[in-house]
There are 2 protein chains.
Amino acid sequence: MQKSQLCPKFEKAMSILSKRWTGLVIYQLLSGPQRFCTIESAIGISGRLLSDRLKHLEEEGIVKREVYPETPIRIEYSLTEKGLALQPLMKELEIWSQNWVTSEDTL
Amino acid sequence: MQKSQLCPKFEKAMSILSKRWTGLVIYQLLSGPQRFCTIESAIGISGRLLSDRLKHLEEEGIVKREVYPETPIRIEYSLTEKGLALQPLMKELEIWSQNWVTSEDTL
DNA sequence: TATACTTACTTACGAAAAGTAACTAAGGTA
DNA sequence: TACCTTAGTTACTTTTCGTAAGTAAGTATA
C-alpha cells in the first residue's frame, strides 16, 4: 500500500468531515450558538461522543466554547469564522440530499 | 438520549460522507473512471476497506462497476449521475481546505 | 506440465473507535 | 440534608478499522 497522492489540505479537511458526528455537530451549530444538551438531543448523539467531538472541533479552531456562570451553569458552543466558512459546503449537501436521497433510502 | 430532529435525507447524506474513506473514494472517482488498484494507491486505502466502500457506494447508487474481460482483467469503477452530482460539494471542500487548513494542520 | 504473474478481491485477527448506561462534579434550591 | 440542573466522565460491550496473508481466475513463462 502506498502513501496518498492527494493534496494534504484537502485530505485533512475530509478527515474532519468524515469522522462520525462532526459534520452533524457543525451543521447544528450553523443555526446558532447552543448548549451541550441542545446539540445532544438535536442530533441524537451521546454525551460521551459529543464531549469528544466538541473537544476536537475546538482544537481544530472550528468551534469555540463559552462559559456563562448562571444558574444552572450555561456553556455555549458556537462556530468560529473557520467553522462558519463551512456553510456553503453544508448548503451543497442539503441540495444534493434533496435531489438524490429518496425516502426509501432513509429507511 | 432522544431521536434526531434533523431532515432524514440530510442525515442520510451526511452518514454516507461521514463514513471513513467514502468521501475520498468519491473525490478520486471525480477525476474519471478507474480501476481498483488505482484508487487503492491514489488515496492510500487498504484493499479490504476499498472493497467494502465500493460495495456500499454501489448499493447507494453512487458508484457503478464495469467488468472488461481483458488480460489481465480490468474492472472499472465510475460515478453515476448521483455520484457526479457531488462535484459542487467537493469543490466547496477544496475551497474551504485551501482557505482554512494551514500547513501545520496537516502535520 | 508446473510455476509464476497479474488483478481483484476475501479472511483472520489484534487494535481502535463507537454505543449504552451509570456515575461524578459544581452550583443552587427546598 | 436531600435533591435538582447542566455538563460532562467512566466502565463495559459491540462494531469498525488496519495490517497482512491468502484465494480465485486468467494468462504467460520455464
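Note on naming: letters A, B, ... go to the chains in the order of the sequence lines (proteins, then strands), and numbering restarts at 1 for each one.
The listed nucleotides are D:dA7, C:dA17, D:dC17; the one nearest the side chain of B:Lys19 is D:dC17. Taking only side-chain atoms of A:Arg48, from C-beta outward, the nucleotide of C:dA18, D:dA7, C:dT7 with the closest atom is C:dA18. Listed candidates were C:dA18, C:dA8, D:dC17. Nearest to the side chain of B:Cys37 is C:dA8. For B:Lys55, the side-chain atoms get nearest to C:dT10 when compared with the rest of C:dT10, D:dT9, C:dT7. Minimum atom distance to the side chain of B:Ile73 is reached by C:dA8, of the listed D:dG8, D:dT16, C:dA8.
A pairwise comparison of heavy atoms in A:Gln98 and B:Cys7 identifies NE2-SG, 3.5 Å as the closest pair.
With rounding to whole Å, A:Gln34 atom CD is found 11 Å from D:dA7 atom P. The CD1-C1' distance, from B:Ile39 to C:dT7, rounds to 13 Å in whole Å. Computed from coordinates, the A:Tyr68 OH to D:dT6 C1' distance equals 16 Å when rounded to whole Å. Distance B:Arg74 CZ to D:dA25 C1': 17 Å, rounded to the nearest Å. Atoms CH2 (B:Trp21) and C1' (D:dT19) sit 13 Å apart, rounded to a whole Å. The CG atom of A:Asp52 sits 12 Å away from the P atom of D:dT10 (whole-angstrom rounding). Rounding to whole angstrom units, CD1 of residue A:Ile45 and P of C:dA21 are separated by 16 Å. Straight-line distance from the CZ atom of A:Arg65 to the P atom of D:dA7: 9 Å, rounded to whole Å.
Looking at B:Lys64 and B:Glu66, no side-chain N of the basic residue comes within less than 4.0 Å of a carboxylate O on the acidic one, giving no salt bridge. In this structure, B:Glu58 does not pair ionically with B:Lys55, as no charged nitrogen and carboxylate oxygen lie closer than 4.0 Å.
Checking A:Pro72 against B:Arg20, the closest nucleotide of DNA chain D that is more toward the 5' end is the one next to A:Pro72.
Listed pair A:Ser46 / C:dT20 fails the phosphate criterion, with no side-chain N or O lying under 4.0 Å from OP1 or OP2. In this structure, A:Tyr77 does not reach the D:dT6 phosphate: none of its side-chain N or O atoms is under 4.0 Å from OP1 or OP2. Not one side-chain nitrogen or oxygen of A:Thr71 sits closer than 4.0 Å to the OP1 or OP2 atom of C:dG27.
Both A:Ile73 and A:Leu50 belong to a common hydrophobic cluster when Ile, Leu, Val, Met, Phe, Trp and Tyr are linked at side-chain heavy-atom distances under 4.5 angstrom.
Direction of the helix axis in the helix from C:dT1-D:dA30 to C:dA30-D:dT1 shifts by 30° between the two five-pair termini, rounded to 10°.
Scored by the side chain to side chain donor-acceptor pair (under 3.5 Å) test, A:Thr71 finds no partners at all (sequence neighbours excluded).
Side-chain N or O atoms of B:Glu40 include one that pairs as donor or acceptor with a backbone N or O of B:Gly47 at under 3.5 Å.
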CA sep, side-chain torsions, deciding dist, call: B:Asp52, B:Lys19, salt bridge (Lys or Arg N to Asp or Glu O under 4.0 Å) = CA-CA 11 Å; B:Asp52 177 85; B:Lys19 199 159 177 74; 5.7 Å; no
